[in-house]
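Single-structure report; data block below.
In this text the structure is predicted, and so the values were computed from the model without any measurement.
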Amino acid sequence: MEYRDNKKEELYSQVIPAGKRRYFFDVKATRGGDKFVTITESRKIFDNNTGEFYFDKNKLFLYKEDFEKFQQGLANALSFIETGIEPPPVVVEDENHEAPSSNINIDGSAVLDDINFTL
């Protein structure tokens with residue numbers, strides 16, 4: 001793997017033109033050799049103030065440990081679009097994060113909302 005100006009060289013890249021948008025699927029590697037995917041949406045937008053076009057980009061980094069969960073979530077969303085039937089949620093045990101419900105009070109407020117920070 002070569003590094004140029006501290007930017008990782010892409011191992012694989014694919015561009016998907018889709019009307020006013022383009023999607024880029026790029027495979028890169030960390031310095032440790034772990035591969036990951038970046039998904040970039042690029043939209044060409046006209047700025048009325050300057051009279052020029054610019055590209056608005058949104059990027060998602062997808063790491064190896066999340067591939068299966070992401071793939072199942074995307075498959076569920078596409079299945080719902082096609083069938084109108086809600087698939088079962090992706091159930092994943094994640095030892096690095098607490099269950100979301102443990103951070104939410106019964107009334108829907110976050111746990112930190114109950115703390116008075118005034119001195």
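Of all heavy-atom pairs between Phe36 and Ala29, the closest is CE2-C, 3.8 Å. Counting all heavy atoms, side chain and backbone alike, Pro17 lies closest to Arg22 at CA-CG, 4.2 Å. Scanning both residues, Asp26 and Gln14, for their nearest heavy atoms gives OD1-N, 4.3 Å.
A distance of 11.5 Å separates CD1 in Ile39 from NZ in Lys59, rounded to the nearest 0.5 Å. Atom OG1 of residue Thr40 and atom OH of residue Tyr23 lie 11.5 Å apart, to the nearest 0.5 angstrom. Separating the CG atom in Asn76 from the CD atom in Gln71 is a distance of 11.0 Å, to the nearest 0.5 Å. To the nearest 0.5 Å, atom CZ of residue Phe61 and atom NZ of residue Lys28 are 6.5 Å apart. To the nearest 0.5 Å, the span separating CG on Asp56 from NZ on Lys44 amounts to 14.0 Å.
Side-chain contact between Asp34 and Tyr63: absent, with no pair of heavy atoms (C-beta onward) separated by less than 4.5 Å.
The salt bridge (charged side-chain N to carboxylate O under 4.0 Å, His left out) test applied to Arg21 returns Glu41, not counting sequence neighbours.
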> Could you walk me through whether Tyr54 and Glu52 pass the side-chain hydrogen bond (donor to acceptor under 3.5 Å, both in side chains) check?
Replying inline: CA-CA 7 Å; Tyr54 68 95; Glu52 297 179 354; over 6 Å; no
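Under the 4.5 Å side-chain contact rule for hydrophobic residues, Leu62 and Ile16 share a cluster. Residues Phe25 and Phe70 are members of one and the same hydrophobic cluster, defined by side-chain heavy-atom contacts under 4.5 angstrom among Ile, Leu, Val, Met, Phe, Trp and Tyr. Hydrophobic clustering of Ile, Leu, Val, Met, Phe, Trp and Tyr side chains at less than 4.5 Å, counting indirect connections, unites Tyr12 with Leu60.
For Glu68, the CD atom counts as loosely surrounded, since its 6.0 Å shell holds 12 or fewer non-hydrogen atoms of other residues, nucleotides or ligands.
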